[in-house]
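What follows is a set of notes on a single structure, which appears directly below.
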Number of protein chains: 2
Amino acid sequence: MPPAKKFGLQYFCKTIQIPSKEGLNSRLNMKTTEGDQKPVIGAAEPVEGERPTLKTIAFMAGLGVTTVSRALKDAPEIGQATKNRVQLIAKQIGYRPNRAGVRLRTGKTNVISLVLNAQSEIMGLTSNMVYGISEVLSETPYHLTVTPYSVKNDPMQPIRYIVETGSADGIIMSRTEPNDARVRYLTEHGIPFATHGRTEMGIEHPFHDFDNEAFAYLSVKSLLTKGRRRIALLAGPSPSVTYYRHLHRGFSRAVEEGGANTVAVSDIDVDTSLGRIRNRMEEIMSASNRPDGIVCCSGSAAIALVAGIEAAGLKIGGDVDLVSKQSTDVLQWFRPQIIVFNEDVRHAGRELARAVLRRIAGVDARELQSLSYPDEHDLRS
Amino acid sequence: MPPAKKFGLQYFCKTIQIPSKEGLNSRLNMKTTEGDQKPVIGAAEPVEGERPTLKTIAFMAGLGVTTVSRALKDAPEIGQATKNRVQLIAKQIGYRPNRAGVRLRTGKTNVISLVLNAQSEIMGLTSNMVYGISEVLSETPYHLTVTPYSVKNDPMQPIRYIVETGSADGIIMSRTEPNDARVRYLTEHGIPFATHGRTEMGIEHPFHDFDNEAFAYLSVKSLLTKGRRRIALLAGPSPSVTYYRHLHRGFSRAVEEGGANTVAVSDIDVDTSLGRIRNRMEEIMSASNRPDGIVCCSGSAAIALVAGIEAAGLKIGGDVDLVSKQSTDVLQWFRPQIIVFNEDVRHAGRELARAVLRRIAGVDARELQSLSYPDEHDLRS
DNA sequence: CCCAAAATCTGAAACGTTACAGGTAGGCTA
DNA sequence: TAGCCTACCTGTAACGTTTCAGATTTTGGG
């Protein structure tokens, strides 16, 4: 808004109280259009097109840079009239603090880093997570940087990098493990973070998690009411990621309560390629002791799974029922329709972002732990 | 690596040539553990746990900060022996330039910003794009920040923000329009960028695009060989995004060449919610002049589309054939199986990242334009 | 063996911000 | 009126880097 800028400059130059001679001179070492000419009053004017700094405002308001800095952050030692004036100028000329300056001086980066595993993309997870986080950050001075790492690499590597180079004020990470080296490391170093998923290591830290135990429990219950007695579970990567345990806990509890039987699904998990899931599923469903009810914890895996079932010549809804978690709504339109529970990953992103921010603000970790509950949708209606 | 650090320090302190008195003293104003004590030789040692800076290396090597800075970037005015020594120390103590320092001094942010529309998530697009870009950036000093914007908001807003605050060295953006205000703005401001998709405004700029014209052409051809004569197209948002035109061009050409007929699909495009696509599709397929062949340019839309077709009581492969573009491999396992063309979005991400980087390096825009060709997979085999 | 040129190296300044340690003016108390 | 306190504002230094304009040493030619 160049017109506002012009207005601001002219308007406020008029209202400057003439400062002492030294004060004035010291304010004149502003960038001039030509390098060598003597400092003249005119030369100290903010150059059109140059980004305004504290110095610009200070000159326009006839104040010191320090005063301006404090006025902008509402410090108590600055008079109200001055604050108003400074803040008005700042707004009019479109002042925005230089991030590099702040970062160099204070060490604050105003960056939140999302550390993700690039391989284990459960359909829609990354994007929804990113958008959820961004929604929250967009109203703050924080930027979001994304740091994916390959599943083959050490998950600690990006974390160490961030800590060593001080490149973020807070970290959000997924694929949390029961005994997570990253959680330990970050806690020891006092770096704020939040995890998608829980740990089991006695360290209190911010997290958001989907209640996978409830999901598995309810899923089995749902299969039981359909008369299914031989239930199988396709879970997360065993047992490295925590929610694998939650799934099994809820699953086993419901199976036992219902007096049903468990059919083990070996060799595949949610990380497995869809092709292998399909093939393995065809094998499993061709065996004599095949399950008649399956719980699956990923939408894309469910699709491969259905393909395998049908390749074995079986019919969903007839020979076997299927319940799946999904983190995007594609399964809604997938056929045959199956029972799904939605995990709202975008909501998780929002929660996680809020958690790190509040953690950075010093809130106790215990107050930043939340769970979201499965939300059943019987798509077969 | 604290052991290496220790080793480096001890080793090199031995090899320091004793510098002149002033030189030595001037080097002693390094951060001491206690604030007020007099500068002693020991106090100037790099503090364990503090991040090393140029000053640390300078002290250890008995050189000036300037020399170290130059030596690390292989400047010609530094002796080879010095360079080797400095670079060795830097490596041993794990020196990494402070980004805020560099950025403040040079204005270089070492950041690439991915500006995305949060709503128009074509299944897997965002994540694959992010991972593709990251793959390339991970071998450079660049970080990736993601700036999503709502489809309701002005697409220019995040772009303006980035330019005004100088928060990135380069920008990657999608949903390119024939006459794209962002492209014009960035070109005028001389900010390096690359677009996913082409413009038609006579400005040469780096881009990567999927050849949607070829995709549509080949798709129709494929339908024609199956005897389909009444062909419909579900395209991108009309006509704001450029590839809408490419799709139609390839589509029309093939339909004309084959002497077939076009069936218009109104009211819906790839941005429409899956629910509305399904419903609208049901209507269209219930009408008397329904198509018998459909080309669809998004995998998730195809799923909703199939649901609509089947809701109308029609059978894929029998009553109607479907060809779709997909940017992830879920359709592979979707049933009924349809003909798909893969767009490798991860590859696009890599291309785009390479393009911005080379653009930043000063390469001519015309050398940074690439197209990727449709890759047919008949999943029905 | 001397001097100029080339080869190396150097400190100071600057980028924009905030923390620190005052400074000044005005009003109040004694 | 002197002394002090409060309210408000100030300049300087520092964060880590690079650029500028030298300074010093080494080399080589005569």
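Quick note: numbers below take in every heavy atom, side chains included, and nothing from hydrogens, waters or symmetry partners. In what follows, every chain begins at residue 1, and chains take the letters A, B, ... in the order their sequences are listed.
- OP1 or OP2 of D:dT18 lies within a sub-4.0 Å distance of a side-chain N or O belonging to B:Lys73.
- For A:Leu63, whose side chain is taken as the heavy atoms from C-beta onward, the closest listed nucleotide among D:dC9, C:dC15, D:dT17 is D:dC9.
- In this structure, the CZ atom of B:Phe59 is 16 Å from the P atom of D:dG16, given to the nearest Å.
- Side-chain contact between B:Ser138 and B:Val136: absent, with no pair of heavy atoms (C-beta onward) separated by less than 4.5 Å.
- Without hydrogens or angle criteria, B:Thr106 side chain to B:Val102 main chain gives a donor-acceptor distance under 3.5 Å.
- Look at CD on B:Glu77: it is 18 Å from P on D:dT24, rounded to the nearest Å.
- Under 4.0 angstrom from either OP1 or OP2 of C:dT18 there lies no side-chain N or O belonging to A:Thr106.
- Atom CZ in B:Arg99 sits about 17 Å away from atom C1' in D:dT18, given to the nearest Å.
- Contact annotation: the side chain of B:Met173 approaches that of B:Arg182 to within less than 4.5 Å [non-hydrogen atoms, C-beta and beyond].
- Between B:Thr67 and the phosphate of C:dT10, there is a side-chain N or O to OP1/OP2 separation shorter than 4.0 Å.
- When heavy atoms are screened at a 4.0 angstrom cut-off, A:Lys108 is found touching no nucleic acid atom at all.
- One atom, CG of B:Leu72, and another, P of D:dG16, lie 15 Å apart when rounded to the nearest Å.
- In this entry the distance linking CD of A:Gln80 with C1' of D:dC9 reads 15 Å, nearest Å.
- Not one side-chain nitrogen or oxygen of A:Ser69 sits closer than 4.0 Å to the OP1 or OP2 atom of C:dT17.
- For B:Leu54, whose side chain is taken as the heavy atoms from C-beta onward, the closest listed nucleotide among C:dT8, D:dT18, D:dG16 is D:dT18.
- Heavy-atom nearest nucleotides on DNA chain C were determined for A:Gly101 and for B:Thr66, and the one closer to the 5' end corresponds to B:Thr66.
- Using a 4.5 Å heavy-atom threshold, the side chains of B:Val86 and B:Leu63 count as touching.
- Nucleic acid contact for B:Ile78: sugar-phosphate only, since backbone atoms but no base atoms lie under 4.0 Å from a heavy atom of the residue.
- Per the geometry, NZ belonging to B:Lys55 stands 16 Å off C1' belonging to C:dT10, to the nearest Å.
- At a cut-off of 3.5 angstrom, counting only N and O atoms as typed in the model, there is a donor on one side and an acceptor on the other between the side-chain of B:Arg105 and the base of D:dT18.
- The residue B:Arg70 sits close to a base: some heavy atom pair falls under 4.0 Å.
- With B:Asp169 as the partner, the salt bridge (charged side-chain N to carboxylate O under 4.0 Å, His left out) test is satisfied by one option alone out of B:Arg103, B:Lys108, B:Arg99, B:Arg359: B:Lys108.
- Note: CG (A:Leu104) to C1' (D:dA14) measures 9 Å, nearest angstrom.
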